[in-house]
*Asks:* 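Got a structure for you, questions after.
What's counted below: heavy atoms across the whole structure, side chains too, no hydrogens, waters or symmetry copies.
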Amino acid sequence: MSIKNHFDPNVYKQFESGLKNSSDKHMTARIAFGALYAYFKSNQGTRFGIDFWESKLEDHIEDMHAQEVVELMVAFRDNRQLERSHMTKLLDTQFKKVLLDKWNAEVVYN
């Protein structure tokens, strides 16, 4: 929805109502990336939702790809809920390692 610029706050309210009961059983970095992309791009949802999905992404950060880091940075450009330093902190604490580890295989190669 957020890729097509369709933003419905009710979707995020319903989505967040189930987060507290969610399980990590089938969680992947791709799922957490998709949720964070939507939160960043749409300016919808709460800080609880953003923190929840950032935590899940951190738990599965070894499966994240360099292109996904770039996509999150692009989506964050549209965000007006979070301060700019929030992305800088994510880059320093989580995404820098992904970029450095996967640079040759995913950026240079492609």
*Asks:* Can you list the other members of the hydrophobic cluster that holds Trp103, where links are side-chain heavy atoms under 4.5 angstrom apart?
*Replies:*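 Taking Ile, Leu, Val, Met, Phe, Trp and Tyr as members, Trp103 shares its hydrophobic cluster with Val107, Val108.
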*Asks:* How many angstroms lie between atom CE of Met64 and atom CD of Glu62, to the nearest 0.5 angstrom?
*Replies:*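 Rounded to the nearest 0.5 Å, the CE-CD separation comes to 11.5 Å.
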*Asks:* For residues 97-110, which residue pairs qualify under salt bridge (Lys or Arg N to Asp or Glu O under 4.0 Å), counting only residues two or more places apart or in two chains?
*Replies:*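 Those involving residues 97-110 are Lys97-Asp101.
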*Asks:* Nearest 0.5 Å, what's the OH-CD distance between Tyr37 and Glu71?
*Replies:*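 If I round to the nearest 0.5 Å, the distance is 6.0 Å.
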*Asks:* Going through the checks in order, is the side-chain contact (heavy atoms from CB on, under 4.5 Å) test met by Phe33 and Gln67?
*Replies:* CA-CA 11 Å; Phe33 155 76; Gln67 180 62 33; over 6 Å; no
*Asks:* Which atom pair, heavy atoms only, marks the closest approach of Leu36 to Ile50?
*Replies:*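 Looking at all heavy atoms of both residues, the closest pair is CD2-O, 3.9 Å.
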*Asks:* Spell out, as yes or no, whether a donor-acceptor pair under 3.5 Å connects the side chain of Ser55 to the backbone of Asp51.
*Replies:*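 No.
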*Asks:* Judged by modelled atom types alone, do Thr46 and Tyr12 share a side-chain donor-acceptor pair under 3.5 Å?
*Replies:*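 Checked: Thr46/Tyr12 side chains show no N/O donor-acceptor pair below 3.5 Å.
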*Asks:* In chain order, what residues pass the side-chain contact (heavy atoms from CB on, under 4.5 Å) check against Asp63, with sequence neighbours excluded?
*Replies:*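 Listed in chain order: Ala29.
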*Asks:* Using 0.5 Å steps for rounding, measure from the CG atom of Leu57 to the OG1 atom of Thr28.
*Replies:*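 Reported to 0.5 Å precision, the distance equals 9.5 Å.
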*Asks:* Could I get the full list of side chain to side chain donor-acceptor pair (under 3.5 Å) partners for Glu54, not counting sequence neighbours?
*Replies:*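 With neighbours one apart ignored, the set is His86.
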*Asks:* If you look only at pairs with a residue in residues 27-36, which of them pass as a salt bridge (Lys or Arg N to Asp or Glu O under 4.0 Å), with sequence neighbours excluded?
*Replies:*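 Qualifying pairs, neighbours excluded: Arg30-Glu68.
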*Asks:* Mind checking whether Met87 and Leu82 have side chains closer than 4.5 Å, heavy atoms only?
*Replies:*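 No, every pair of side-chain atoms sits at 4.5 Å or beyond.
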*Asks:* Could you check whether any side-chain heavy atom of Leu91 comes within less than 4.5 Å of a side-chain heavy atom of Met73, counting everything from C-beta outward?
*Replies:*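 Side chain of Leu91 against side chain of Met73, heavy atoms only: contact under 4.5 Å found.
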*Asks:* Which pair of non-hydrogen atoms, one from Ala32 and one from Trp53, has the smallest distance, and what is that distance?
*Replies:*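 Nearest heavy atoms, Ala32 then Trp53: CA-CE3, 3.6 Å.
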*Asks:* Which is it for Glu16 and Phe52 under the side-chain contact (heavy atoms from CB on, under 4.5 Å) test, yes or no, and what are the steps along the way?
*Replies:* CA-CA 9 Å; Glu16 287 181 1; Phe52 177 87; over 6 Å; no
*Asks:* Report the distance from atom CE of Met27 to atom NZ of Lys56, rounding to the nearest 0.5 Å.
*Replies:*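 One finds 6.0 Å between CE of Met27 and NZ of Lys56.
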*Asks:* Sequence neighbours left out, what pairs pass side chain to side chain donor-acceptor pair (under 3.5 Å) with at least one residue falling in residues 72-83?
*Replies:*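 Output for this query lists Lys41-Asp78.
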*Asks:* How many angstroms lie between atom OG of Ser85 and atom CG of Leu90, to the nearest 0.5 angstrom?
*Replies:*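 Rounded to the nearest 0.5 Å, the OG-CG separation comes to 10.0 Å.
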*Asks:* Could you walk me through whether Val74 and Phe40 satisfy the side-chain contact (heavy atoms from CB on, under 4.5 Å) test, starting with their C-alpha distance in whole Å, then the side-chain angles of each, then the deciding distance to 0.1 Å, before giving a yes or no?
*Replies:* CA-CA 9 Å; Val74 170; Phe40 288 166; over 6 Å; no
